Amino acid sequence: MSEHRSLCEKILVVDDELAMRKSLSLLLSGAGFEALAAADGAEALSLCETAEYPVMLLDLQMPGTNGHQVLTGLLQQKAGTRVVVLSGETSFDAVRDSLQLGAYDFVRKPYPAEELLTTIRNALASYHQEQERVRLKKTMLESEKLHRYIVNNSPDFVYVLDKNGHFTFVNDTAEGLLGYTRDELLGRHYSDLVFEEDLPLARYVFNERRTGERSTRNVELRLKVNTEQRETRTFDTHLLPIELSSVGMYNAGYTGDPNKFIGTYGCARDMTERKRAAELIHFHAYHDQLTSLPNRALFEDRLGLAIAHSKRNEKMLAVIFLDLDRFKLINDTLGHSLGDQVLQGVAERIQGCLRAEDTLSRFGGDEFTLLLPQLEDQRDAATVAKKILMRICEPYLIGEHEMFLSASIGIALFPDAGETGDSLLRAADVAMYHIKGEGKNGFAFFQESMTAGWGEHLSLERDLHRAIEDEQFSVFFQPKVNSSSSQIVGLEALIRWRHPIRGLIYPDQFIPLAETSKQIIQIDNWVLRTTCAEIRRWREQGLPPVPVSVNISVVQIEQPNFVQGILSTLAEFGIPGHLIEIEVTESGIMKNRETTALKLRALSQHGISIAVDDFGTGYSSLSYLHQFPVDTLKIDKSFVQQIKEGTSDACIVDAIVAMGRGLRLHIIAEGVETEAQLSYLQKIGCSEVQGFLFGGAQSAQQTFELLRSGVMAKAPACPLEDLNIQRFQLTTSS
Ligand code: C2E
Ligand code: CA
Ligand code: CA
């Protein structure tokens, strides 16, 4: 290596005598060095500025810049060059001065060649040693800097303890993480930092003495944080969860006993984020995203516990199943994001009706379940159910929409309705469906008898197929009357199904089914044709023309040939448009707003009028109403039925009537059953009504008689289907 190196080693010869320069150069190149020469001191210094010469052979006495001045210049340049002074001058002063100025060695002229070469080789070795030392020092400094940087910029708290457990080093992270400055920590015992409950564990691991495999890794502890200084964090401001790794330090590498324990090196990782993430994941596993309520899994878990508890204490508990009525329509027409807001609002309202120990959970979609543990009396469950129903009925303001909801609730009591979580949930579900069948918006306790009609849906759907062909359907007509004159102003066609086995089935029980299976299209067409046929018959019999409204399902409107279908049916029976009104529910209108508006406008242009049915339920589409060619609003019977004798706060009805008048629309109230309701409606200027008070729907033949007599009032009680409800006799202003 040194042989190879000497080949390219540069040696600068500085001498004013040409002969000397030549002979030295000869000697040096002969020995394998690369010799360069300078004729005076100034030239030598300028050469050294541009290149590094490991060794310089320097003459002291030169004209101009002499040898001492060159040495001084090199010192200033901080060049590493080893200078071998080669001079005839051998005075003590000259030698001392040269050495003081940093010369490496001194060789007297005339020089013995071997001695000079040896000196040069020594000088070269010294030069390279120094170079290596500088390089090492530099890398060490750099690596120390690097390590310091790594340690201080580590997100972890890095520390060193002495053998007694006092901090001797802490990194910069300590302050941000723990809120103590370095000075506050150095010299302190680690136990000052550890949360009391975790001290026993900390004693075992914090000032670890073991090394290698047996040292501490990833032990969870909590450290006490100086909250005054530490930037505020939202999680837990007093305790910092950490994961600790530590290892014992021994004397190795130092003088003295290498087995002597000198302290601990440790590293503590902040676990806050990970803990928070874990808690979040856990939370989401057991809670519903939308409402943050417990989900099905958590509910079933709590139900299991509550049942066990009830068995021990011989207490009752209630499982409640709640399903929102017609919620699908909200989603379909207003979109899911508004639907979600409604669900959140509903959840909040239900929660407001509960005790702290009750559990409300979102089971999925618009289904909620409740667990009421430790019941004293089953009436308590009924009270809660009523409270919830009332809260849910209050109007919702979602953005610009005001909407109304109701719910169906089933209640199952432990132990009567079931002894396991599953059986209780199923029982509550059955009771809830029972309420749906009974017209929704109510609650029921589970009873064995409710399971009897189970599986009914399936067979009904099958039977629907045959109903049209076998002429099991018929159309009934319910009169619409002027609220002050009681004159018949129109009729509503309502379908009836005479099932060969079950008898009379009301549309609420099969229309939703027919909509799902799309059989409604055929059914609605049939109703319209039958109605048109009746109108033609009445006309042929010379009766005065009466407009008839037919209910049209949204599924029907969605059909591409909807408009054409209606117009051709009317044409077929020769019925003018103004004798037909179409009743579409509010939600039906809102679905596919633009195309629906176009279709309804086309009908409207043929004189057919459009009524919004069940107005005010589900949600309010007031702001969109003007987009549709609407002629009539039908106030839903649920609002009318809120009008009670002596009350004056039927504000929804008031609002609809006032608004309808403002929009110059006909207003008709449906489901009028009492005189109190009638007189209230008259008072607020609702001119048309429909309801059992005046008569329910009757067969075509009965309706024909009713219209023909023209003195309906005096034809007492046309037998009104099988509804046993008190009625008001129709009086015509003949
Ligand atoms: P709707 O269009 O709101 O019809 C009014 C319902 O209220 C009728 O029930 C009617 O018999 C009933 N009703 C009338 N007066 C009173 C009253 O004073 N008190 C009470 N509580 N109810 C009264 P129905 O005939 O059972 O029809 C139920 C629903 O089925 C209808 O509600 C309508 O949405 C649908 N529907 C009936 N016929 C058809 C049809 O031909 N096609 C379509 N698509 N739907 C129909
Ligand atoms: Ca209707
Ligand atoms: Ca209605």
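Note that ligands are numbered from 1 as they come in the structure, with each ligand's atoms numbered from 1 the same way. These numbers come from a predicted model, not from an experiment.
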Next item on the list: For the residue pair Phe327 and Val346, establish whether any side-chain heavy-atom pair is separated by less than 4.5 Å.
Entry: no
Notebook entry, point to check: What are the atoms of ligand 1, with element, lying closer than 4.0 Å to any heavy atom of Gly671?
Noted result: 16 (C), 17 (C), 18 (O), 19 (N)
Margin query: Looking at ligand 1, is there an atom of it that comes within less than 4.0 Å of some heavy atom belonging to Glu492?
Written below: yes
Notebook entry, point to check: Which ligand 1 atoms, with their elements, are less than 4.0 angstrom from a heavy-atom of Glu670?
Noted result: 3 (O)
Next item on the list: Could you tell me whether a side-chain N or O of Asp470 sits under 3.5 Å from a main-chain N or O of Gln472, the two making a donor and an acceptor?
Entry: no
Checklist line | Glu583: its N/O/S atom lying closest to the Ca ion (ligand 2) (atom name) | finding: OE1
Check: Mind checking whether the Ca ion (ligand 2) has an N, O or S of Glu492 under 3.0 Å?
Finding: yes
Margin query: Under 4.0 Å, heavy-atom basis, I'd like to know which part of Asp613 is in contact with ligand 1: side chain, backbone, both or neither.
Written below: side chain
Check: Relative to ligand 1, is Ile511 under 4.0 angstrom through side chain, backbone, both or neither, heavy atoms considered?
Finding: side chain
Check: Applying a strict 4.0 Å limit to heavy atoms, is Arg496 in contact with ligand 1?
Finding: yes
Note to self: List ligand 1 atoms under 4.0 Å from Val527, heavy atoms only on the residue side.
What the structure shows: 41 (O)
Margin query: Is there a side-chain contact between Glu705 and Gln698 in this structure, where contact means two heavy atoms from C-beta onward sitting under 4.5 Å apart?
Written below: no
Note to self: Could you go through Phe639 and Phe615, starting from their C-alpha distance and side-chain angles, then the distance that decides it, and tell me whether this counts as ring pair (Phe, Tyr, Trp, His ring centres under 6.0 Å)?
What the structure shows: CA-CA 9 Å; Phe639 300 126; Phe615 189 79; 8.6 Å; no
Checklist line | Sub-4.0 Å atoms of ligand 1 with respect to non-hydrogen atoms of Glu673 | finding: 17 (C), 18 (O), 19 (N), 20 (C), 21 (N)
Checklist line | For ligand 1, the portion of Ile520 having any non-hydrogen atom under 4.0 Å away | finding: side chain
Check: So, Asn551 and the Ca ion (ligand 2): N/O/S under 3.0 Å, yes or no?
Finding: yes
Notebook entry, point to check: Are Asp429 and Phe363 close enough that some pair of their side-chain heavy atoms sits under 4.5 Å apart?
Noted result: no
Notebook entry, point to check: Do the side chains of Ser483 and Leu681 get nearer than 4.5 Å, heavy atoms only?
Noted result: no
Next item on the list: Output the list of atoms in ligand 1 that are nearer than 4.0 Å to some heavy atom of Ser553, sorted by atom number.
Entry: 44 (N)
Margin query: For Asp524, which part has a heavy atom under 4.0 Å from ligand 1: side chain, backbone, both, or neither?
Written below: side chain
Item checked: Name of the Asp613 atom (N/O/S only) found closest to the Ca ion (ligand 2) -> OD2
Check: CG/Leu567 to CD/Glu572 distance, rounded to the nearest 0.5 angstrom?
Finding: 13.0 Å
Notebook entry, point to check: Just wondering, do Asn525 and Gln556 contact through their side chains at under 4.5 Å, heavy atoms?
Noted result: yes
Next item on the list: Could you tell me whether the Ca ion (ligand 2) has an N, O or S atom of Glu670 under 3.0 Å away?
Entry: no
Check: Is Asp325 paired with Lys440 through a side-chain N to carboxylate O contact shorter than 4.0 Å?
Finding: no
Margin query: Yes or no: does Lys634 have any heavy atom under 4.0 Å from an atom of ligand 1?
Written below: no
Item checked: Contact check, side chains of Ile495 and Ile511, non-hydrogen atoms, under 4.5 Å -> yes
Notebook entry, point to check: Counting both backbone and side chain atoms, is some N or O of Ile495 under 3.5 Å from an N or O of ligand 1?
Noted result: yes
Notebook entry, point to check: What are the atoms of ligand 1, with element, lying closer than 4.0 Å to any heavy atom of Gly691?
Noted result: 15 (N), 18 (O)
Next item on the list: Sort out for me which residue in Glu688, Glu581, Glu670 forms a side-chain hydrogen bond (donor to acceptor under 3.5 Å, both in side chains) with Lys480.
Entry: Glu581
Item checked: Side chains of Ile435 and Ile409 in contact at under 4.5 Å (non-hydrogen atoms) -> no
Note to self: So, applying side-chain hydrogen bond (donor to acceptor under 3.5 Å, both in side chains) with Ser549, which one of Glu492, Gln690, Gln478, Glu583 is it?
What the structure shows: Glu583
Next item on the list: Can you sort out which atoms of ligand 1 are near Gln478, meaning under 4.0 Å from one of its heavy atoms?
Entry: 14 (C), 15 (N)
Next item on the list: For ligand 1, indicate whether the residue Lys637 contacts it via side chain, backbone, both or neither (heavy-atom separation under 4.0 Å).
Entry: side chain
Item checked: Polar contact flag for Phe692 and ligand 1 (N/O pairs, less than 3.5 Å) -> yes
For residues 558-566, which side-chain donor-acceptor pairs fall under 3.5 Å, sequence neighbours excluded?
residue: Glu558; atom: OE2; partner: Lys591; partner atom: NZ; Å: 3.4
residue: Glu558; atom: OE2; partner: Asn592; partner atom: ND2; Å: 3.4
residue: Gln559; atom: NE2; partner: Val555; partner atom: O; Å: 3.3

Notebook entry, point to check: Is there a side-chain contact between His499 and Phe510, using heavy atoms and a 4.5 Å cut-off?
Noted result: no
Check: Which atoms of ligand 1 have any heavy atom of Asp614 under 4.0 Å away?
Finding: 3 (O)
Next item on the list: Look at ligand 1 and say whether Gln690 reaches it with a heavy atom at a distance under 4.0 Å.
Entry: no
Margin query: For ligand 1, which is the ligand I care about here, please tell me if Tyr506 has any N or O atom under 3.5 Å from one of the ligand's N or O atoms.
Written below: no
Checklist line | ligand 1-proximal atoms of Ile523, by part, heavy-atom distance under 4.0 Å | finding: neither
